[in-house]
Amino acid sequence: MAQYARGAAAVAVIRLHNPPVNALSLTVLQALEDGLKRADADPSVKAVMICGENGKFSAGADIRGFSSPKRHGVPLGPIISLIERSEKPVVAAIEGIALGGGLEVALGCHYRIAHVKAHMGFPEVTIGLLPGAEGTQRLPRLIGVPAALDIITTGRHIPATEALKLGLVDEVVEENTVEAAIRFANKVIGQPLGPRRLSLKPVPKLPNMEAFLSEALVKVKKQAHGCLAPELCFQAVKAATEQPFADGVRKERELFNILLTSGQAQALQYAFFAEREVQKWTTPNGASWKSTSPQPIRKAAVIGLGTMGRGIVTSLVKANIPVVALEQNVEYLNMGRKAVMLLLEREAMKMEQGAQTLDFHNPARLQFTVDFDVLHDVDLVIEAVFENMALKKEIFHKLSRICKPGAFLCTNTSALNIDEIASATSRPHQVIGTHFFSPAHVMRLLEIIYGHHTSPTAIATAVQLAKALKKVGVVVGNCFGFVGNRMMFPYVQQAVFLVEEGSRPEAVDQVLEDFGFKIGPFRMSDLAGLDVGWRSRKGQGLTGASLPPGTPARQRHGHRYSPLPDLLCENSRFGQKTGKGWYQYEKAGGRTAKPDPWLHNFLAQYRDTHHIKTRFIDQEEILERCLFSLINEGFDILAEGIAAGPEHLDVIYINGYGWPKHRGGPMFYASTIGLPRILAKLQKYSEAHPDVPGLQPSAFLKKLVAMGNPPLKEWMSYQSRQSNKL
Ligand SMILES: CC(C)(COP(=O)(O)OP(=O)(O)OC[C@H]1O[C@@H](n2cnc3c(N)ncnc32)[C@H](O)[C@@H]1OP(=O)(O)O)[C@@H](O)C(=O)NCCC(=O)NCCSC(=O)C[C@@H](O)CCCCCCCCCCCCC(=O)O
């Protein structure tokens with residue numbers, strides 16, 4: 001709702017009220033309209049002030065309403081016109097946030113006063129929409145086309161200070177914004193309102209508007225990666241430059257409806273809520289966010305200053321958590337220190353542009369050491385050394401002796417068994433996996449892995465840490481590869497098998513990049529380094545010296561195996577770092593992947609040696625074998641209770657593995673394709689490749705199909721508790 005009251009003197013106050021973020025539901029909109037009409041009809045009211053309850057203006061339209069059948073004909077645009085047409089000055093008092101429809105309401109007002117800590121923006125593009133209540137037509141009239149295009153096509157939130165510079169708000173205050181806005185409203189009573197009505201203003205001209213717009217379109221398309229909304233946002237703003245306000249509004253509505261009914265908007269809105277849903281973690285034994293409080297982290301330590309450790313230290317410093325960074329010897333420590341300082345300097349520069357500072361030269365905030373004893377008073381340690389079980393166990397044994405009793409011990413591992421690491425300590429309940437993604441100061445995902453003995457408090461603390469680091473923490477159970485990498489194995493395996501059978505790395509990558517992945521599996525392997533997987537396979541006895549003599553080249557444990565990645569490593573082709581991998585690069589460390597005739601020749605010889613008849617593989621087969629095997633593994637993970645729901649898998653894939661967000665994550669994608677179709681295709685491919693377990697349909701997938709292909713929200717109600725291994 002919206003509460004109507006009388007402020008000081010002649011000002012009517014309309015307060016938007018819909019906790020927690022004052023989303024504009026139908027009820028709120030109706031109350032807003034009623035408040036405006038009441039103020040208009042009352043001759044003693046000379047001005048109106050609109051604000052939001054609880055220090056927040058509004059987060060915009062109620063996103064849940066977009067999937068409601070009542071969504072059409074919701075009169076937000078007309079209500080904003082009503083505000084603008086008012087003969088009494090209307091002032092917006094912006095505290096906290098004014099986003100989407102919330103900002104559109106503020107743009108309908110004649111004046112905008114913002115608190116210095118407020119943020120504004122049009123995030124509609126991030127949920128597959130565009131500002132659909134005349135925002136694409138008013139904003140360029142107020143702040144010009146370049147700034148409006150930037151804000152509308154990126155969805156970025158801008159701070160009040162930037163909004164003031166752009167002319168988006170009239171005043172920024174540090175005091176009580178509502179009181180300031182009422183004082184302001186009293187001052188402007190009687191002043192002409194014509195120049196304050198944005199719909200009447202012309203869009204500021206640019207000397208080279210046409211050239212500017214065509215360049216902007218190229219940029220927008222490049223950054224969209226197949227997502228529709230940015231380009232349609234662009235089209236709506238372009239309409240403002242070409243047509244009168246009313247026609248521009250009509251165009252905006254037409255484009256809004258295209259987006260609203262596109263599957264992409266549904267996928268992106270699903271992703272928005274999925275990200276919030278996973279914060280409400282639960283475990284199969286009944287522990288949950290509701291009943292568990294996190295412990296405060298006043299000081300942390302990071303062990304190992306390789307690529308991951310450096311990023312983790314940077315993240316902690318940025319989150320204002322004092323850190324001790326530890327290396328095994330002075331030489332490695334100095335190398336690590338130099339690299340961390342470089343990262344922090346770059347981050348400080350970026351933050352300065354947003355008028356923020358980063359304090360990292362103070363030893364109380366960041367200390368480097370080779371002495372484990374320095375860790376005696378930290379609240380949490382993140383070990384980020386090499387993926388080697390013996391080494392990790394040795395470190396955890398040491399930490400268990402040195403760290404204070406309440407300290408949490410986290411391991412940054414992408415696959416290793418948390419329980420085995422915990423067994424090296426006297427406090428397994430305080431041991432937890434924190435799988436960061438590289439670069440750790442940039443990537444949003446943190447996979448949080450609880451072991452058999454991990455306490456709910458340790459989980460809650462790790463989730464809280466993720467939040468402090470501005471990451472999305474997803475709580476999952478302990479199994480080889482956890483969720484993300486476990487689903488990745490069959491995907492990458494299929495990619496390699498397809499190349500064995502006749503495809504090429506560049507063909508496979510192209511299909512997956514066209515689907516929307518930022519980077520295909522072969523480019524990704526080259527970037528990560530082929531030696532990483534090689535070392536892991538050697539450790540598992542799949543290749544190298546520990547492989548029993550007489551093992552068939554293309555078979556392991558009775559299943560199909562491709563030695564191709566091992567052979568590339570034996571030829572010193574480790575990917576970008578050596579200038580050669582699945583592609584060739586301009587030099588060692590180069591980044592431009594080019595198809596490599598050497599590799600094509602090598603593949604032809606390999607197929608000859610192993611009597612593989614090269615066949616043409618079409619795009620459909622490439623896409624389906626890679627994606628459906630990944631999704632299939634996802635169903636096994638759900639059946640085993642390793643993740644609490646499909647949303648968890650989707651959030652992991654969107655934030656850690658470059659899955660295109662506008663397709664909603666792999667499990668959401670599966671629900672849009674239809675489970676019967678996925679099952680049928682997996683059956684077809686597994687018949688053709690009976691020695692590939694990843695293609696054999698998951699029992700849980702089969703069960704869901706047998707239950708009539710229920711909607712994703714209901715899947716977990718069909719998971720039988722017996723299959724839960726935790
Ligand atoms: C606002 C945030 C920055 C806050 O972040 P924070 O980290 O503090 O908190 P959370 O993200 O955890 O959010 C808390 C809580 O609030 C829920 N929530 C947040 N925003 C919305 C929202 N806009 N609608 C519904 N619910 C919202 C969130 O889910 C959390 O709850 P939960 O239970 O899940 O824990 C951050 O939340 C954020 O960025 N929000 C999204 C902001 C956004 O994208 N805004 C744009 C919305 S689209 C829009 O405004 C379109 C307009 O251009 C106009 C379109 C014209 C058509 C008008 C149609 C009106 C439709 C009304 C239909 C109503 C039907 C009915 O009433 O029956």
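Residues take their numbers from the sequence shown, with the count starting at 1. Atoms within a ligand are numbered from 1 in the order they appear, just like the ligands themselves. Bear in mind that the values here come from a model prediction, so they are computed numbers and not experimental data.
Counting the atoms of ligand 1 from 1 in the order shown, those under 4.0 Å from a heavy atom of P123 are 42 (C), 43 (C), 44 (O), 45 (N). Short contacts between ligand 1 and F273, defined as distances under 4.0 Å to a heavy atom of the residue, involve ligand atoms 29 (O). Listed by number with element, the atoms of ligand 1 under 4.0 angstrom from any heavy atom of P131 are 53 (O). Applying the 4.0 Å criterion to heavy atoms of R64 picks out, from ligand 1, the atoms 33 (O), 34 (O). Residue contact check: I97 has heavy atoms under 4.0 Å from atoms 1 (C) of ligand 1. Every atom of ligand 1 is numbered from 1 in the order shown, and the set under 4.0 Å from a heavy atom of S25 is 67 (O). Taking a cut-off of under 4.0 Å to the non-hydrogen atoms of F256, the atoms of ligand 1 that pass are 55 (C).
Proximity of K280 to ligand 1 is established by a heavy-atom distance of less than 4.0 Å.
Closest heavy-atom approach to atom 23 (N) of ligand 1 among the candidates A265, A61, G128: A61. Residue V21 holds the heavy atom nearest to atom 18 (N) of ligand 1 of all those in N18, L24, V21.
Taking the six-membered ring for Trp and the full ring otherwise, Y657 and F437 have centroids separated by under 6.0 Å.
At a heavy-atom distance under 4.0 Å, only side-chain atoms of L76, from C-beta outward, approach ligand 1. Residue contacts with ligand 1, taken as heavy atom pairs separated by less than 4.0 Å, involve E104 solely via side-chain atoms from C-beta onward. Residue contacts with ligand 1, taken as heavy atom pairs separated by less than 4.0 Å, involve I127 solely via side-chain atoms from C-beta onward. For F122, no heavy-atom contact with ligand 1 is shorter than 4.0 Å. The side chain of P20, and not its backbone, has at least one atom closer than 4.0 Å to an atom of ligand 1 (non-hydrogen atoms only; side chain from C-beta on). Contacts with ligand 1 closer than 4.0 Å are made by side-chain heavy atoms of A23 only, the backbone lying farther away.
Among all heavy-atom pairs drawn from R298 and D379, the shortest one is N-OD2, 2.7 Å.
Under a cutoff of 6.0 Å and an axis angle of 45°, R663 and F515 form a cation-pi pair.
Residue Y4 holds its OH atom at 9.0 Å from CG of L36, rounded to the nearest 0.5 Å. Here E647 contributes atom CD and Y270 contributes atom OH; the two are 4.5 Å apart, rounded to the nearest 0.5 Å.
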Exercise. Tell me, with the steps shown, if S199 and E84 meet side chain to side chain donor-acceptor pair (under 3.5 Å).
Key: CA-CA 8 Å; S199 68; E84 196 190 77; 2.4 Å; yes
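Using a 4.5 Å heavy-atom threshold, the side chains of F272 and R276 count as touching. Residues T461 and I297 form a side-chain contact, since some pair of their non-hydrogen atoms from C-beta on lies under 4.5 Å apart. Here the side chains of L139 and L198 are not in contact, with every heavy-atom distance at 4.5 Å or above.
T314 and E347 share no side-chain donor-acceptor pair at under 3.5 Å.
Each of I151, L99, L130 was scored for a side chain to side chain contact (heavy atoms under 4.5 Å, CB included) with F122, with one residue passing: I151.
Remark: ligand 1 and F66 share no N or O pair separated by less than 3.5 Å (distance only, no angle test).
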